[in-house]
Amino acid sequence: MAEERSRHPVGGVDYPRTLQEFDEWFPSEAACIDYLQRVRWPEGFRCPQCGAEAAWRTARGEFRCPRCQRQTSPTAGTVFEGTRKPLRTWFLTMWYVTSQKHGVSALGLQRVLGLGSCQTAWAWLHKLRRAMVRPGRERLNGEVEVDETYVGGVEANVTGRQTFKKSIVAIAVEIRGRGSGRVRMRRVEDLSGESLLPFVEAAVCPGAVVHTDGWAGYIGLARRGYYHRPKSLSASGDPAHVAMPRVHRIAALLARWWLGTHQGAISRRHLDYYLDEYTFRYNRRGSRARGMLFYRLLQQAVRVDPVPYKRLVGGSSRAGPNM
Ligand SMILES: [Zn+2]
């Protein structure tokens, strides 16, 4: 164990940068457990019951406290809790999910890992998506574009089905020079102020400059502490993609991702989690090493509560705009 520990970080980097390094870092289940423990308890393990800092490792990789005898599983309270599959398979999944530029579908994951059922792959991806949103993350700041887009509604031969399947997604993105900064997105029920304003409040710091089109749903922004810069498209004569280029670029990428990676097969009630994954990926698009995303995902995966399969299937039950 001590040897494993001293091998990392390598050159100050605390995560594998290539698939080859991944193989070198995680040759065994024990190596994966060791890494998970270091990410979860960077200052060293501490007994959750009595606070003792020293602990024995059992043959199954659990910590046994010498003072109170409590045994703690390294995966307890993480998204990996109760899993019957090797942690190494989870690591491979996270590597695969974060190294593919456009993400993966459940079917693609099932094939690559040889998982027995598509249901397992689907449940794993959903568990990981829940780890992609960092609790208490900061809101967007500075100058921000806000607009909506429609997703879903794959052309179907059934009359009237298209409109039924469409969902509205509100998008906010920071303006950084000619490029984009961070993004936030969320499904909204409709285009009313009751739906759009809470989205902006959850996504953007008060005091920020918010650019929107002239839509009435955004009229309350100034009263909520934003510097609202509505642009009347009919007056300017510009089409929306010229007035709000960053949001429209993201909307186009989102549509391509939806149809490409997931072939349009995302149900409305699970949409927010897919948006979380998209956001996670987009906001880290500048990371030089793909392994960095793997590392961030693992960091967050050991911090969120495990979600039983039943609740995963139930879809979004969030009370508020949980960004
Ligand atoms: Zn103890």
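When a ligand or atom number is given, it counts from 1 through the structure's own listing order. Keep in mind the model is a prediction, meaning the values are calculated, not measured.
Ionic pairing of Arg184 and Asp276 is not present here: no N-O contact between side-chain nitrogen and carboxylate oxygen is shorter than 4.0 angstrom. Between Glu201 and Arg224 there is a salt bridge, since at least one side-chain N of the basic residue sits less than 4.0 Å from a carboxylate O of the acidic one.
Applying the ring-ring contact (aromatic ring centres under 6.0 Å, His included) rule to Tyr96 yields no partners; only residues at least two apart in sequence or on another chain are considered.
If you look at Phe63 and Trp56, their ring centroids are not closer than 6.0 Å.
Looking at heavy atoms from C-beta onward, Leu254 lies out of side-chain contact with Tyr282 at the 4.5 angstrom threshold.
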Practice problem: Start with the C-alpha gap between Phe22 and Tyr15, add the side-chain angles, then the distance that decides, and say whether ring pair (Phe, Tyr, Trp, His ring centres under 6.0 Å) holds. | Solution: CA-CA 8 Å; Phe22 179 94; Tyr15 48 85; over 10 Å; no

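Around the Zn ion (ligand 1), the protein N, O or S atoms closer than 2.8 Å are Cys47 SG, Cys50 SG, Cys65 SG, Cys68 SG, listed by chain and residue number.
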